[in-house]
There are 2 protein chains.
Amino acid sequence: MSGKLTLVGAGPGDPELISVKGVKALADADVVLYDALVHPELLDYIKRSAKKINVGKRAGKHSYQQDEINALIVHHASQGLHVVRLKGGDPFIFARGQEELEYAVSYGIDTEAILGISSIGLPGYYGIPLTRRGINESFWVITATTRNGCLSGDIALAAQSTATAVIFMGLKKLQEITDIYTYYGKAATPLAIISKGSLPDSRIIFGTAESISRAPALAQIEAPAIIIIGDVVATNPDFYEAVRNVISQPQYQQIQL
Amino acid sequence: MSGKLTLVGAGPGDPELISVKGVKALADADVVLYDALVHPELLDYIKRSAKKINVGKRAGKHSYQQDEINALIVHHASQGLHVVRLKGGDPFIFARGQEELEYAVSYGIDTEAILGISSIGLPGYYGIPLTRRGINESFWVITATTRNGCLSGDIALAAQSTATAVIFMGLKKLQEITDIYTYYGKAATPLAIISKGSLPDSRIIFGTAESISRAPALAQIEAPAIIIIGDVVATNPDFYEAVRNVISQPQYQQIQL
């Protein structure tokens, strides 16, 4: 009996957004390693005899390092077990899925991957199209937090383009990000932050690059959150009402829709 | 009884990549309007009494215009029926989902949207991470075919950045796209094309911006296809073997990994 690793994307939060194929893999698994942000209802698909390991424990408890996760995968799959690695969102979009697969392959373990719904779909769900005919034709997806902890230089390039910027893991660097837009003369660019998208306690706040730091609801925004910056944000019907209280300059009226 | 519109993303091709929530919506629908690229097995989830309308017929047959689709949605939902609009990929990523929702809302129809797995997940599935630590931190998603039929100017900006470019609907404009990369001194940039991703008859071909037009398998590549351009493409273990026959210049050896 040979073991196997299946990487499964759990989707953005709502447990019903996992794929049919992902559910089948969970039901077949002998061992499931899951992230902190995976919805607990998804664990109900796992058979009773299977081992469930939370590798992303939070709130001060032990959180597994990537090399420990890799070792756990190889340890169990080498015993002939079917290991499912359940990750939030999509396993390949800012999620190191490739690295986990390659590590398992290097030990001769069979691997499979099941795609998940990335948070990239969330802006549309909350009424912000990433592209809109007549406004723009592309969007740029960037992780704010890079290997060395610095802000990605790509954000400065995005600020100079017409692409909608979709920024992952940027909440703690919000001020730095908006400063870049202001520096490039884009202080009035519409901006939205979606927190816990697709879940019942999701929140969305609006502002401009210049004004978002004064949005009253910013204090209630929690991770995971994505930041969307671009003129398409202003096509949301709630945008103007939401920004009325935080805009200090009349710049936003110049935005052409 | 009031009608309703539910927009459902069918995923990239494999019928098992639809979400659990999407399956439930299909099972509840009274009318389903589906695209040409939706897998026929997904129609098995629809109850027998429901009406199934292929609004994307191909091969010379009548294909519905967007305003006809909008009218069909309103016509059926106004009779108190649950209309499901089943779209390939994700309903909001280059798919006009927002426009269909807004049209229905303007007629007072209740709407819901269920996200789907976009083709953006496919590169990772085929061994091409869109970002990789040490190589790059972002990817830029562009539709090649714009409103006026011209190539998006954003492709020229992407060619000058370090972002991986993911180009939708670009197969017919491949030469124009690669010419832009060559113009900006990026002729040696690794490039891949994934056709019919996640389906059994999927194909992936590799080259560089300069050489892809000579790839022997290019003639067998069919829509839907996505084009991926960037140094991350060369991290795929099959890349160098695949490009050996089509590279005319030793430029590709200069790619730093």
Side-chain angles (χ1 to χ4, degrees), chain A residues 9 11-12 14-24 90-99 101-102 113-118 120-125 127-134 136-144 146-147 152-155 157-158 160-163 198 235 237, chain B residues 9 11-12 14-24 90-99 101-102 113-118 120-125 127-134 136-144 146-147 152-155 157-158 160-163 198 235 237:
Chain A
D14 178 344
E16 291 204 323
L17 289 179
I18 194 173
S19 70
V20 170
K21 201 167 195 166
V23 168
K24 287 185 180 174
D90 178 81
F92 298 117
I93 296 180
F94 301 130
R96 299 189 187 176
Q98 211 82 39
E99 295 173 40
L101 285 183
E102 286 172 10
I114 299 173
L115 298 177
I117 295 173
S118 163
I120 295 167
L122 292 174
Y125 185 73
I128 302 169
L130 293 176
T131 59
R132 178 106 190 190
R133 287 191 290 169
N136 70 340
E137 291 138 16
S138 70
F139 58 95
W140 199 339
V141 189
I142 307 168
T143 176
T146 64
R147 197 175 192 171
S152 172
D154 292 341
I155 292 172
L157 292 172
Q160 299 169 70
S161 80
T162 61
S198 84
T235 68
Chain B
D14 178 344
E16 290 203 323
L17 290 178
I18 193 172
S19 70
V20 171
K21 201 167 196 164
V23 168
K24 287 185 180 175
D90 179 80
F92 297 117
I93 296 179
F94 301 128
R96 299 190 187 175
Q98 211 81 41
E99 295 174 39
L101 286 182
E102 286 172 9
I114 299 173
L115 298 177
I117 294 173
S118 162
I120 295 167
L122 292 174
Y125 185 74
I128 303 169
L130 292 176
T131 59
R132 179 108 192 187
R133 287 191 291 169
N136 69 341
E137 292 138 14
S138 70
F139 58 95
W140 199 339
V141 189
I142 306 168
T143 176
T146 65
R147 196 176 192 171
S152 171
D154 292 341
I155 292 171
L157 292 172
Q160 298 168 71
S161 79
T162 60
S198 84
T235 68

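It should be emphasised that the depicted structure is a prediction, and the values quoted were computed from it without experimental measurement. Quick note on labels: first sequence line is chain A, next is B, and so on, each numbered from 1.
The parts of B:Leu122 that come within reach of chain A are both its backbone and its side chain, each placing non-hydrogen atoms under 4.5 angstrom from that chain. For A:Val23, the part lying under 4.5 angstrom from a heavy atom of chain B is the side chain only. Proximity to chain A (any heavy atom under 4.5 Å) is shown, for B:Gln160, by neither the backbone nor the side chain. A:Asp14 touches chain B through its side chain: at least one heavy atom from C-beta onward sits under 4.5 Å away, while N, CA, C and O do not. Using a 4.5 Å cut-off between heavy atoms, A:Ile120 contacts chain B through both its backbone and its side chain. Heavy atoms closer than 4.5 Å to chain A are found in the side chain of B:Leu157, but not in its backbone.
A distance of 5.0 Å separates CZ in B:Phe94 from OG1 in A:Thr131, rounded to the nearest 0.5 Å. Residue B:Glu16 holds its CD atom at 8.0 Å from CD1 of A:Ile114, rounded to the nearest 0.5 Å. Annotation: the span from A:Arg133 atom CZ to B:Thr143 atom OG1 amounts to 11.5 Å, rounded to 0.5 Å. Note that CD1 of B:Ile117 and CG of A:Leu17 are 9.5 Å apart. Values are rounded to the nearest 0.5 Å. The CZ atom of A:Phe139 lies 4.5 Å from the CD1 atom of B:Ile93; values are rounded to the nearest 0.5 Å. Atoms OH and CG, on A:Tyr125 and B:Asp90 in that order, are 12.0 Å from each other to the nearest 0.5 Å.
The greatest number of non-hydrogen atom pairs below 4.5 Å with chain B, out of A:Gly116, A:Ser118, A:Ala144, A:Ser198, is found for A:Gly116. Of the listed residues A:Gly97, A:Gly127, A:Ala163, the one with more heavy-atom pairs under 4.5 angstrom with chain B than any other is A:Gly127. Ranked by heavy-atom pairs under 4.5 Å with chain B, the first of A:Val141, A:Val20, A:Ile155 is A:Val141. Highest contact tally toward chain B, considering only A:Ser19, A:Pro91, A:Ala158, is held by A:Ser19 [criterion: heavy-atom pairs under 4.5 Å].
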Can you list the steps and then say if A:Thr162 with B:Asp154 is a side-chain hydrogen bond (donor to acceptor under 3.5 Å, both in side chains)?
CA-CA 8 Å; A:Thr162 61; B:Asp154 292 341; 3.2 Å; yes

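The two residues A:Gly121 and B:Phe92 make their nearest non-hydrogen contact at O-CD1, 4.2 Å. In terms of heavy-atom proximity, B:Pro12 sits nearest to A:Leu115 at CG-CD1, 4.5 Å.
Salt bridge annotation for A:Glu99-B:Arg132: absent, with no cationic side-chain nitrogen under 4.0 angstrom from a carboxylate oxygen.
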